[in-house]
There are 2 protein chains.
Amino acid sequence: MSSSNPNARSRILDAAWTLLEEGGSRVRMSDIAKAAGVSRQAVYLHFPSRAELLIATTRHIDEAKQVDARLAPSRQAMGGRARLELFVEAWGNYIPEIYGVGRALMAMQDSDEEARKAWADRMKALRHGCAAAVAAIAADGELRADLTGEKATDLLWTLLSVRNWEQLTREAGWSQAEYLTAVKDLAIRALMKHAG
Amino acid sequence: MSSSNPNARSRILDAAWTLLEEGGSRVRMSDIAKAAGVSRQAVYLHFPSRAELLIATTRHIDEAKQVDARLAPSRQAMGGRARLELFVEAWGNYIPEIYGVGRALMAMQDSDEEARKAWADRMKALRHGCAAAVAAIAADGELRADLTGEKATDLLWTLLSVRNWEQLTREAGWSQAEYLTAVKDLAIRALMKHAG
DNA sequence: TGTCAACTTTACACGGTGTCAAGTTCAGCC
DNA sequence: GGCTGAACTTGACACCGTGTAAAGTTGACA
């Protein structure tokens, strides 16, 4: 051995990705190593800890899926409402793609500072997106009068949480399309003056 | 030792309660034992596993706080809207009381079937409450026309999740009062025809 | 006095993460 | 051809937290 697909590092990342996507329950370092066709120690040669491997995996996915590019449309949308809808759609379609790793990362949040921070960063990025959408709505004069920008942002941010997607989609059995329309609708009702 | 407050069992439950409430991070069996003034093994004399201790602790809290009694008002409310508001309020005020244990229970969901089931049961109970509130709204002819009872229930159920409370209250820094008014308002906007 | 139950003490197995040290393999280069 | 260094393997081990096992202590009650 072994055959050496270019580098072991990306084989490990791919293995982690697919294993976590299949989900099941607890994916161990040894599972990932085996799936990558590499010894358990080799994994530690590339990633110092499980947390950092998971974090690297999210980056790997983002790259492979060209996430940045897909967030662009919402940024150049004209009106606040359109922007809100596009943003919800972009994020809502992103969630299932990182859900596997995200779940693992969330699970180790309160046992691992590294993981906590990484996930918090991602959530902060989401919150920035929310703030931008809220600002666009406010610029149109369409933000509900009884909401500050902060509160509106918090609300949207919470609405769009991975946990909510998980609950509706995995536990309540909603389709992705149902999730998207319901959440778009709810976001509009929650934030905008003229929800009709 | 030791002083023997009546039974050790309830001392253990109390210890678990307060430790989990203080939160911090990971509460171990040995922490609980120490706080209860008892050996680690004594804990296993009363509870077969960590999961079952946590579950017993939630029941212990429910009893001490007389949770059932407090849910009564919403059940006998007149209109659908009042019922919804009272239900959100009752549940919303319940969350912080079980949050400590709930968090620990949620954390071990995908490593422990026992815990998963116990938490799922609680969530099922919540969903029943949501369904009843939705039914009351529907009976008034006030349920949004584009929502089935199922969908409306799922939506309310998700809105009221512990994780949403956690995010708004612990991460976004909202007060309990802010949380309650925002969620009541949002629930009404989400489900009812005449949200104004 | 003896017995039983509740509890303590000590020890250990297990699973998963992370570390360490000594091989092996192989590419590149003199 | 022979050396070197990097990438990887193998096997062993420490650590932590949960859960189990077994023998010893204490004290109430008959």
Side-chain angles (χ1 to χ4, degrees), chain A residues 1-16 19-20 23-57 101 103-118, chain B residues 1-16 19-20 23-57 101 103-118:
Chain A
M1 311 234 205
S2 61
S3 48
S4 57
N5 292 9
N7 44 34
R9 187 188 150 91
S10 52
R11 259 158 54 219
I12 293 169
L13 289 171
D14 286 337
L19 282 184
L20 289 165
S25 42
R26 202 102 199 82
V27 177
R28 288 154 297 187
M29 293 299 263
S30 53
D31 297 329
I32 295 169
K34 190 186 296 181
V38 116
S39 73
R40 191 172 70 91
Q41 312 332 320
V43 177
Y44 285 100
L45 248 39
H46 294 278
F47 308 94
S49 68
R50 197 178 114 96
E52 300 229 37
L53 168 55
L54 295 186
I55 294 166
T57 304
V101 207
R103 195 180 160 196
L105 223 36
M106 288 188 282
M108 60 193 302
Q109 276 217 97
D110 43 25
S111 71
D112 189 296
E113 182 56 18
E114 201 77 73
R116 215 211 88 261
K117 229 169 137 179
Chain B
M1 312 239 199
S2 67
S3 49
S4 55
N5 291 11
N7 44 36
R9 186 188 151 93
S10 52
R11 260 157 53 219
I12 294 170
L13 288 170
D14 286 336
L19 283 184
L20 288 164
S25 40
R26 203 100 198 85
V27 177
R28 287 154 298 186
M29 292 300 261
S30 53
D31 297 327
I32 294 170
K34 191 185 296 180
V38 116
S39 72
R40 191 173 70 88
Q41 310 336 317
V43 177
Y44 286 99
L45 249 38
H46 293 279
F47 308 94
S49 69
R50 197 178 116 95
E52 299 227 36
L53 167 56
L54 295 186
I55 294 166
T57 304
V101 206
R103 195 180 160 198
L105 223 35
M106 287 187 283
M108 61 192 301
Q109 276 216 95
D110 44 25
S111 71
D112 189 295
E113 181 58 18
E114 201 77 71
R116 215 210 86 262
K117 228 168 139 181

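The sequence lines fix the lettering, A, B, ..., with proteins before strands; numbering per chain opens at 1. Keep in mind that the numbers below use all heavy atoms, side chains included, and drop hydrogens, waters and symmetry copies.
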(request) Provide, to the nearest angstrom, the distance between the CG atom belonging to B:Asn7 and the C1' atom belonging to C:dC7. (result) 14 Å
(request) Apply side chain to side chain contact (heavy atoms under 4.5 Å, CB included) to B:Asp14 and list each qualifying residue two or more places apart in sequence or on a separate chain. (result) B:Trp17, B:His60
(message) Can you measure A:Glu113 atom CD to C:dT17 atom P for me and round it to whole angstrom units?
(response) 20 Å
(message) Output the rounded distance in Å from CE (B:Met108) to C1' (D:dG19).
(response) 12 Å
(request) Describe, as an angle rounded to 10 degrees, how the axis at the first end of the helix from C:dT1-D:dA30 to C:dC30-D:dG1 is tilted relative to the axis at the last end, five pairs per end. (result) 30°
(message) Expressed as a whole number of angstroms, how long is the span from A:Glu52:CD to C:dT17:P?
(response) 15 Å
(message) Once side chain to side chain donor-acceptor pair (under 3.5 Å) is applied, do any residues pair with B:Glu52, and if so which ones, sequence neighbours excluded?
(response) none
(message) Just the rounded figure in Å: distance from C1' of C:dG16 to CD1 of A:Ile32.
(response) 12 Å
(message) How close do B:Ile55 and B:Glu114 get, counting heavy atoms only, and between which atoms?
(response) CD1-O, 3.9 Å
(request) May I ask you to verify if any side-chain N or O of B:His46 is less than 4.0 angstrom from the OP1 or OP2 atom of C:dC7? (result) yes
(request) Could you please name the option among C:dC7, C:dA11, D:dT9 that lies closest to any side-chain atom of A:Val38? (result) D:dT9
(message) Once side chain to side chain donor-acceptor pair (under 3.5 Å) is applied, do any residues pair with B:Arg9, and if so which ones, sequence neighbours excluded?
(response) none
(request) State, with a plain yes or no, whether a side-chain heavy atom of B:Phe47 is found less than 4.5 Å away from one of B:Leu13. (result) yes
For nucleotides 16-18 of chain D, tabulate all protein N/O to nucleotide N/O atom pairs closer than 3.5 Å, reporting atom names and distance.
unit_1: D:dG17; atom_1: OP1; unit_2: B:Arg28; atom_2: NH1; d: 3.1
unit_1: D:dG17; atom_1: OP2; unit_2: B:Arg28; atom_2: NH1; d: 3.3
unit_1: D:dT18; atom_1: OP2; unit_2: B:Met29; atom_2: N; d: 3.4

(message) Output the rounded distance in Å from CD1 (B:Ile12) to P (C:dA6).
(response) 12 Å
(message) Nearest whole Å is fine: how far is C:dC20 P from A:Leu45 CG?
(response) 13 Å
Side-chain donor-acceptor pairs under 3.5 Å in residues 28-44 of chain B, sequence neighbours left out?
unit_1: B:Arg28; atom_1: NE; unit_2: B:Asp31; atom_2: OD2; d: 3.1
unit_1: B:Arg28; atom_1: NH2; unit_2: B:Asp31; atom_2: OD1; d: 3.2
unit_1: B:Arg28; atom_1: NH2; unit_2: B:Asp31; atom_2: OD2; d: 3.4
unit_1: B:Asp31; atom_1: OD2; unit_2: B:Arg28; atom_2: N; d: 2.9
unit_1: B:Ser39; atom_1: OG; unit_2: B:Ala42; atom_2: N; d: 3.3

(message) Ignoring hydrogens, what is the shortest heavy-atom contact between A:Met108 and A:Arg50? Give both atom names and the distance.
(response) SD-NE, 4.0 Å
(message) How many whole angstroms separate atom NZ of B:Lys34 from atom C1' of C:dT8?
(response) 16 Å
(request) Verify side-chain contact (heavy atoms from CB on, under 4.5 Å) between A:His46 and A:Asn7, making sure each step is shown before the conclusion. (result) CA-CA 11 Å; A:His46 294 278; A:Asn7 44 34; over 6 Å; no
(message) I want to verify a distance call: between D:dC8, C:dC7, D:dA21, whose nearest atom is closest to the B:Ala8 side chain?
(response) C:dC7
(message) Restricting to non-hydrogen atoms, name the atom on B:Leu105 and the atom on B:Ala51 that form the minimum distance, rounded to 0.1 Å.
(response) CD1-O, 4.4 Å
